[in-house]
Colleague: 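Before anything else, here's the structure in question.
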Amino acid sequence: MIDVFRRLRGFYQPHIRWLYWSLGLLVFATALGLAYPYLLKRIVNQVIIAHHYAQLPTLALMILGAAVLKGGFNWSYQYAGQYFGSHTGYDLRNQLYRKLNRQPFQYYDSVHTGDLMSRMTADLDALRMFLAFGANGLASLVLIVVFGLGLMYSMNVWLAVVVTCLMPILAVTAVRFDNRLHPTYQRIRKTLGVLNSGVQENIMGVRTVKSFAKEDNEISKFQVRNGAYFAANMDATQLWKRFFPFIEFTGNFGVVAIVLVGGWLVMHHQMNLGDLVAFLSVLWTLIWPMSNLGFLLNNLTQAVAAGERLLEILDAPDPLAVTGPAHAAVMRGEVVFSGVSMKYGDEPVMEDVTFTARAGETIALLGLTGAGKSTLVNLLPRFYDVAAGSVQIDGVDVRAWDLQALRRQIAVVFQEPFLFSTTIFSNIAYGNPEATLEAVRQAAAMADAAEFIEQLPDGYHTLVGERGLGLSGGQKQRIALARAILMNPAILVLDDATSAVDMETEYKIQQALQRVMQGRTTFIIAHRISSVKRADQILVLDRGRIVQRGRHEELLADEHGLYRRIFDMQFQDFAAVASAGGSVGALRVLSQRGNGE
């Protein structure tokens, strides 16, 4: 428990003076709260018993004044505590978000989005609430017990001893309760993360769920996860229902004991009635916070469990950190792979890949599904790091480059492009926010996107739905391609970036890309030979190895090579379309492909 707060110290230490202010104001608020029993004692002894009625207005005004002052101090210490907790939560949330944005791809390969969302919201809020209110609540309990017992001993030692004997019972019970509650709340947090992950995944894949009529199956899975979360909460409830009655019974037992002992002392003239009334008033002042001890421990336990989950994010290693001075320069675009091997976990996906791409060359990667094409290009911007060998750009290992400088000069168009829920203009200008509308239009024209964008009601200011909903797959790909073109990168990576467009549109984009690729190193991943045949080098991959390399004509001449086999399969597709009487445009494009144009 202490270790969690020690490791999070860097976030609340800058604001700790607000906690000190809050605790200082709390001392005065607690002292004023215990002024009531003292004034009540004087009213009973001096006004009611001694018949000094003239003192009643003064004592009543003193009670009112103490209430007003206590209210002021209460507001002040609560404000200071809220300021402390909220600013700590603000800094922690920023650092968590910064940490998540700095993590490499393999980190997200092993975590669930819904669980991360749960940590960033529910867990962080549980910690913030404890810092803002729970810490003051525990401090208030300690102050009330210390001040209250001191006041009790000043009134009557024997009665104070009776109350003191009850305190260890309550303390031991609270500690045992907390030890059992902590693992339960850890399980609550974990099951909530699993539940949120399931909901997030279902919403993201709602089209797939409905297309396979699997709504009932998803509902059943949700009910199982919801049941686990419900069971964890019910386990906590079982602990609570045993704790609260015991605390209440102990408090009431103390009241009965004080009434019996105190009544006997009053009847034997060893104690004033006013002292007994005041003593009972102090006791009730103690019982209320003690009855809230479970709630305060609940806040503390939840905060510790939440803090442990947040620390899992903060303590996640950063394998992409650059040791020593980071290289940052204007990139020429020369790429050298030297004996590169790559693993996903313990599974090898690339072995001993070696090649050189001179600045300005176009390198095409071809191969069957799972050959390692996307893995290879993902090593350029350090989405992943090599397991062995090295990847160098302009003679410098990518691991020595400043990560921001590296990625600003490499533009990647993924096979499944992501669009933000904003305007088309903002999506295209994402990598270059200062771009003018004319520059965005030129990039869209090169990606063959300008025509359909300008036909939209609001043109470039049309809002894109969540994850690009409202646009076809081909339209999203063309917007993503325009986004990459606008960056004016030294290295351009096209990861099957035209797979979702029709053949005629792909042909137009390829013609436009010939101008875009001039003067920059380009990596093209494609399944269609027509997309790679103009490349300076074609690398044919199979099971993570380069099995062929060369230009289109050279590879085509090898009748037993994988490249020729893929070409023959695609030519058969052309023949099938021709015999079926395909459209004129499609036949023209396929014919050009078959002829190697």
Side-chain angles (χ1 to χ4, degrees), residues 21-78 136-168 170-171 247-248 250-293 296:
W21 272 106
S22 178
L23 294 176
L25 294 166
L26 179 61
V27 171
F28 289 102
T30 304
L32 287 168
L34 292 173
Y36 300 151
Y38 172 76
L39 295 173
L40 185 60
K41 167 187 170 180
R42 292 187 58 183
I43 289 174
V44 173
N45 288 339
Q46 298 177 21
V47 176
I48 298 176
I49 296 177
H51 306 295
H52 295 155
Y53 301 116
Q55 296 182 12
L56 182 60
T58 302
L59 293 172
L61 286 175
M62 291 176 67
I63 291 176
L64 180 61
V68 172
L69 285 174
K70 182 185 177 184
F73 281 116
N74 277 337
W75 181 89
S76 299
Y77 93 76
Q78 289 176 4
N136 279 337
L138 288 173
S140 176
L141 174 60
V142 172
L143 290 172
I144 288 175
V145 170
V146 172
F147 288 178
L149 285 176
L151 188 57
M152 285 178 171
Y153 273 99
S154 69
M155 293 178 183
N156 190 282
V157 174
W158 294 109
L159 292 182
V161 169
V162 173
V163 174
T164 304
C165 290
L166 297 175
M167 293 299 170
L170 295 175
I247 290 292
E248 186 175 359
T250 304
N252 289 329
F253 177 81
V255 171
V256 172
I258 295 301
V259 168
L260 290 175
V261 177
W264 186 88
L265 292 173
V266 170
M267 288 186 292
H268 289 79
H269 306 289
Q270 296 182 23
M271 185 178 187
N272 292 327
L273 179 61
D275 291 341
L276 178 59
V277 172
F279 198 99
L280 286 171
S281 178
V282 175
L283 181 60
W284 282 113
T285 303
L286 282 175
I287 288 176
W288 171 247
M290 291 302 293
S291 65
N292 280 334
L293 179 61
L296 296 173

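In what follows, residues are counted from 1 in the order of the sequence shown. No experiment lies behind these values; they were computed from the predicted model shown.
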Colleague: Could you report the tightest heavy-atom contact between A54 and P57, atom names first, then the distance?
Modeller: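 Scanning both residues, the minimum pair turns out to be O-CD, 3.3 Å.
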Colleague: Could you tell me the separation between the CG atom of L159 and the CD1 atom of I258, rounded to the nearest 0.5 Å?
Modeller: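 The CD1 atom of I258 is 4.5 Å from CG of L159, to the nearest 0.5 Å.
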Colleague: Can you tell me if S140 uses its side chain to pair, donor with acceptor, with the backbone of G137 under 3.5 Å?
Modeller: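 No; judged by distance alone, with no hydrogens or angles, the pair does not exist.
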Colleague: Where do Y153 and V161 land on the side-chain contact (heavy atoms from CB on, under 4.5 Å) test, with the steps shown first?
Modeller: CA-CA 8 Å; Y153 273 99; V161 169; 4.1 Å; yes
Colleague: Under 4.5 Å between any side-chain heavy atoms of N136 and L23, yes or no?
Modeller: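 Side chain of N136 against side chain of L23, heavy atoms only: contact under 4.5 Å found.
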Colleague: Could you pull out the closest heavy-atom pair between N156 and Q270, with the gap in Å?
Modeller: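 Shortest heavy-atom separation between N156 and Q270 comes out as ND2-O, 4.5 Å.
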Colleague: How far does CE of M152 sit from CG of D275, to the nearest 0.5 angstrom?
Modeller: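 Separation between the atoms: 12.5 Å.
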Colleague: Just to verify, which of V259, L151, V163 counts as forming a side-chain contact (heavy atoms from CB on, under 4.5 Å) with F279?
Modeller: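 Of the listed options, the one satisfying the test is V163.
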Colleague: Please name the pair of heavy atoms, one in A278 and one in P37, separated by the smallest distance, quoted to 0.1 Å.
Modeller: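 Heavy atoms of A278 and P37 come nearest at CB-O, 3.3 Å.
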Colleague: Give, for atom CG of L265 and atom CG of L260, the distance between the pair rounded to the nearest 0.5 Å.
Modeller: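 The distance works out to 11.0 Å.
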Colleague: Working to the nearest 0.5 Å, report the span between CZ of R42 and OG1 of T58.
Modeller: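 Interatomic distance, R42 CZ to T58 OG1, rounded to 0.5 Å: 9.0 Å.
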Colleague: Counting C-beta onward and ignoring hydrogens, is there a side-chain heavy-atom pair between F73 and T30 closer than 4.5 Å?
Modeller: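 SC-SC contact between F73 and T30 ruled out.
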Colleague: What is the minimum heavy-atom distance between S281 and L40, and which atoms define it?
Modeller: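 The pair with the smallest heavy-atom distance is CB-CD2, 4.2 Å.
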Colleague: Look up atom CG in L64 and atom CG in L59, then write down how far apart they are to the nearest 0.5 Å.
Modeller: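 That separation rounds to 12.5 Å.
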Colleague: Count the heavy atoms belonging to other residues, nucleotides or ligands that lie under 6.0 Å from CZ of F147, then report whether that count exceeds 12.
Modeller: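 Counting other residues, nucleotides and ligands, CZ of F147 exceeds 12 neighbours.
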Colleague: From M155 CE over to L280 CG, what is the distance, rounded to the nearest 0.5 angstrom?
Modeller: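 Result: 10.0 Å between the selected atoms.
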Colleague: Please tell me if the side chains of T164 and L149 come closer than 4.5 Å, counting only heavy atoms from C-beta onward.
Modeller: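 Yes, at least one pair of side-chain atoms sits under 4.5 Å.
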Colleague: How far apart are the closest heavy atoms of G262 and L276, and which atoms are they?
Modeller: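 Between these two residues, the closest heavy atoms are CA-CD1, 3.7 Å.
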Colleague: Which heavy atom of A29 sits nearest to which heavy atom of N74, and what is that distance?
Modeller: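 Closest approach of A29 to N74: CB-OD1, 3.4 Å.
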